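Below is one structure, written out as structure tokens, with a few remarks after it.
In this chain, residues are counted from 1 in sequence order. All of these numbers come straight from a predicted model, not from anything done at the bench.
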Amino acid sequence: MVTAMESIKQSISGSRPGSIIFPNDFRATGSQDAIKMALSRLVKSNQLKRIAHGIYYSPFIDPLLGEMMPSPEAVAQNLANRERVKIMPAGGFALNKLGFSTQVPTKLVYLTDGHPRKLKIGNATIEFKATTPKKMAMVGKLSSLLILALEELDLEHIPDNIKIRIKHILQVEERGDLLNDMRLAPARIYNYLVRLLKELDDDSIFSLINQPE
């Protein structure tokens with residue numbers, strides 16, 4: 001009979017280096033205690049690395065950079081996928097993702113429809129903040145991020161270089177997604193985006209905005 005340790009070792013050896021691993025991945029291999037003990041032994045023998053409580057990864061050595069660990073973003077997305085919840089970058093993290101801020105955030109804040117939680121990953125902190133269904137209903141890959149980023153800014157004093165970036169997002173986002181997300185945005189952000197669309201002389205979106213819901 002194959003033990004939990006043997007089964008877990010075999011699974012890890014067949015995984016891609018740097019893969020993020022959770023204890024629940026091995027539920028079919030044995031009891032919770034057996035899995036916990038096997039993972040602990042694999043960490044001690046350096047066959048597995050622990051990122052945080054209940055989160056591991058298979059070691060990855062880059063020829064130039066040396067040992068690499070998964071990025072906090074990869075950990076956050078894997079957690080969301082594991083828990084089957086949606087997450088969206090918010091706050092200073094959203095600003096950085098859009099290039100509105102060059103400051104690399106050490107705290108990655110995500111809005112989620114799941115449970116709130118915090119994790120320390122190396123020098124970074126991941127925070128999942130529960131939010132309203134209305135915010136989680138935004139669907140645009142760029143427009144949802146834009147609206148959450150704009151919540152952090154004084155809309156009356158946005159630098160011209162950032163305004164140019166915002167206008168580009170308004171032009172390249174899928175029209176239906178942009179319209180959906182604008183209608184879900186706070187009034188001050190909706191009004192600001194409408195002003196920018198007027199500056200772009202974008203008649204196509206206005207024909208949609210003026211349609212009754």
Side-chain angles (χ1 to χ4, degrees), residues 1-94 96-98 104-142 144-145 148 177:
M1 181 178 179
V2 178
T3 66
M5 171 65 84
E6 292 169 335
S7 181
I8 292 172
K9 284 181 67 175
Q10 184 177 5
S11 177
I12 291 172
S13 65
S15 66
R16 180 173 53 84
S19 296
I20 297 171
I21 295 165
F22 300 91
N24 286 351
D25 295 338
F26 310 110
R27 275 189 170 176
T29 65
S31 67
Q32 186 173 349
D33 287 342
I35 293 169
K36 183 178 179 181
M37 183 177 295
L39 293 174
S40 179
R41 288 177 177 173
L42 290 170
V43 169
K44 288 179 180 178
S45 63
N46 290 319
Q47 297 176 70
L48 198 63
K49 299 288 185 177
R50 181 183 286 110
I51 301 176
H53 179 70
I55 307 174
Y56 305 82
Y57 70 98
S58 56
F60 172 56
I61 307 296
D62 184 273
L64 296 176
L65 302 176
E67 185 173 334
M68 304 287 291
M69 69 179 294
S71 69
E73 287 187 63
V75 174
Q77 191 58 62
N78 271 267
L79 272 172
N81 294 342
R82 170 65 51 184
E83 297 178 0
R84 299 184 181 182
V85 298
K86 183 179 178 182
I87 59 174
M88 295 192 299
F93 183 35
N96 179 263
K97 291 277 287 182
L98 288 174
V104 179
T106 57
K107 184 176 183 179
L108 280 61
V109 177
Y110 291 90
L111 300 184
T112 182
D113 54 0
H115 296 295
R117 65 187 298 181
K118 285 185 181 181
L119 287 173
K120 185 74 173 176
I121 308 294
N123 295 324
T125 300
I126 298 173
E127 181 176 5
F128 289 173
K129 296 178 68 174
T131 190
T132 62
K134 182 177 180 180
K135 281 192 175 179
M136 297 308 297
M138 292 192 289
V139 295
K141 183 176 181 180
L142 291 174
S144 61
L145 196 58
L148 293 175
D177 291 348

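- When each of Leu145, Leu142, Leu148 is tested with Lys97 by the rule side-chain contact (heavy atoms from CB on, under 4.5 Å), just one qualifies, namely Leu145.
- With a 4.5 Å cut-off on side-chain heavy atoms, Ile51 and Met69 count as touching.
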key: Audit row: Thr131, Met136, side chain to side chain contact (heavy atoms under 4.5 Å, CB included) steps and yes/no   = CA-CA 7 Å; Thr131 190; Met136 297 308 297; 3.4 Å; yes
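- For Ser58 (side chain) and Arg16 (main-chain N/O), a donor-acceptor pair under 3.5 Å exists by modelled atom type.
- Counting only N and O atoms by type, the side chains of Glu73 and Ser71 include no donor and acceptor under 3.5 Å apart.
- Salt-bridge formation is not detected for the pair Arg117/Glu127: no Lys NZ or Arg NE/NH1/NH2 atom is positioned less than 4.0 Å from an Asp or Glu carboxylate oxygen.
- Taking each heavy atom of Pro105 and Phe93 in turn, the nearest pair found is CG-CD1, 4.0 Å.
- The main-chain N or O of Ala124 is never found under 3.5 Å from a side-chain atom of Thr106 such that the two would form a donor-acceptor pair.
- Within a 6.0 Å radius of CZ in Arg27, other residues, nucleotides and ligands contribute 12 heavy atoms or fewer.
- The one candidate from Arg84, Gln77, Glu83 that meets the side chain to side chain donor-acceptor pair (under 3.5 Å) condition with Asn81 is Gln77.
- More than 12 heavy atoms of other residues, nucleotides or ligands shown are found within 6.0 angstrom of NZ on Lys49.
- Residue Asn123 places its CG atom among 12 or fewer non-hydrogen atoms of other residues, nucleotides or ligands, all under 6.0 Å distant.
- Under a 3.5 Å cut-off, the side chain of Ser7 and the backbone N or O of Thr3 do not form any donor-acceptor pair.
- Summarising the geometry, atom CE belonging to Met88 is positioned 8.0 Å from atom NZ belonging to Lys135; distances are rounded to the nearest 0.5 Å.
- With Ser15 contributing its side chain and Ile12 its backbone, the two residues share a donor-acceptor pair below 3.5 Å.
- A donor-acceptor pair under 3.5 Å is absent between the side-chain atoms of Thr112 and the main chain of Ile87, judged by distance alone.
- Note: Ile121 CD1 to Ile55 CD1 = 5.0 Å, rounded to the nearest 0.5 Å.
- The shortest side-chain heavy-atom distance between Leu79 and Phe22 falls under the 4.5 Å cut-off.
- Heavy-atom neighbours of Lys120 NZ from other residues, nucleotides or ligands within 6.0 Å: above the threshold of 12.
- Looking at Phe60 and Pro70, their side chains never come closer than 4.5 Å, going by heavy atoms from C-beta outward.
- Rounding to the nearest 0.5 Å gives a distance of 4.5 Å between CG of Leu39 and CD1 of Ile8.
- Atom OG1 of Thr29 is separated from atom CD1 of Ile35 by 4.0 Å, given to the nearest 0.5 angstrom.
- Looking only at distances, no side-chain donor or acceptor of Asn96 sits under 3.5 Å from a matching main-chain atom of Gly92.
- Tyr57 and Glu67 make their closest contact through OH-OE2, 3.4 Å (heavy atoms, listed as atom of the first residue, atom of the second, distance).
- Between Ile21 and Leu48 there is a side-chain heavy-atom pair separated by less than 4.5 Å.
- Note that the OG atom of Ser13 and the CD atom of Gln47 stand 9.5 Å from one another [nearest 0.5 Å].
- Closest of all the heavy-atom pairs between Tyr110 and Pro89 is CD2-N, 3.7 Å.
- Note that CZ of Arg82 is 10.5 Å distant from CD1 of Ile20, once rounded to the nearest 0.5 Å.
- Side-chain atoms of Ser11 and Phe26, non-hydrogen and from C-beta on, do get closer than 4.5 Å to each other.
- Within a 6.0 Å radius of NZ in Lys86, other residues, nucleotides and ligands contribute more than 12 heavy atoms.
- Minimum heavy-atom separation, Ala76 to Phe128: O-CZ, 3.7 Å.
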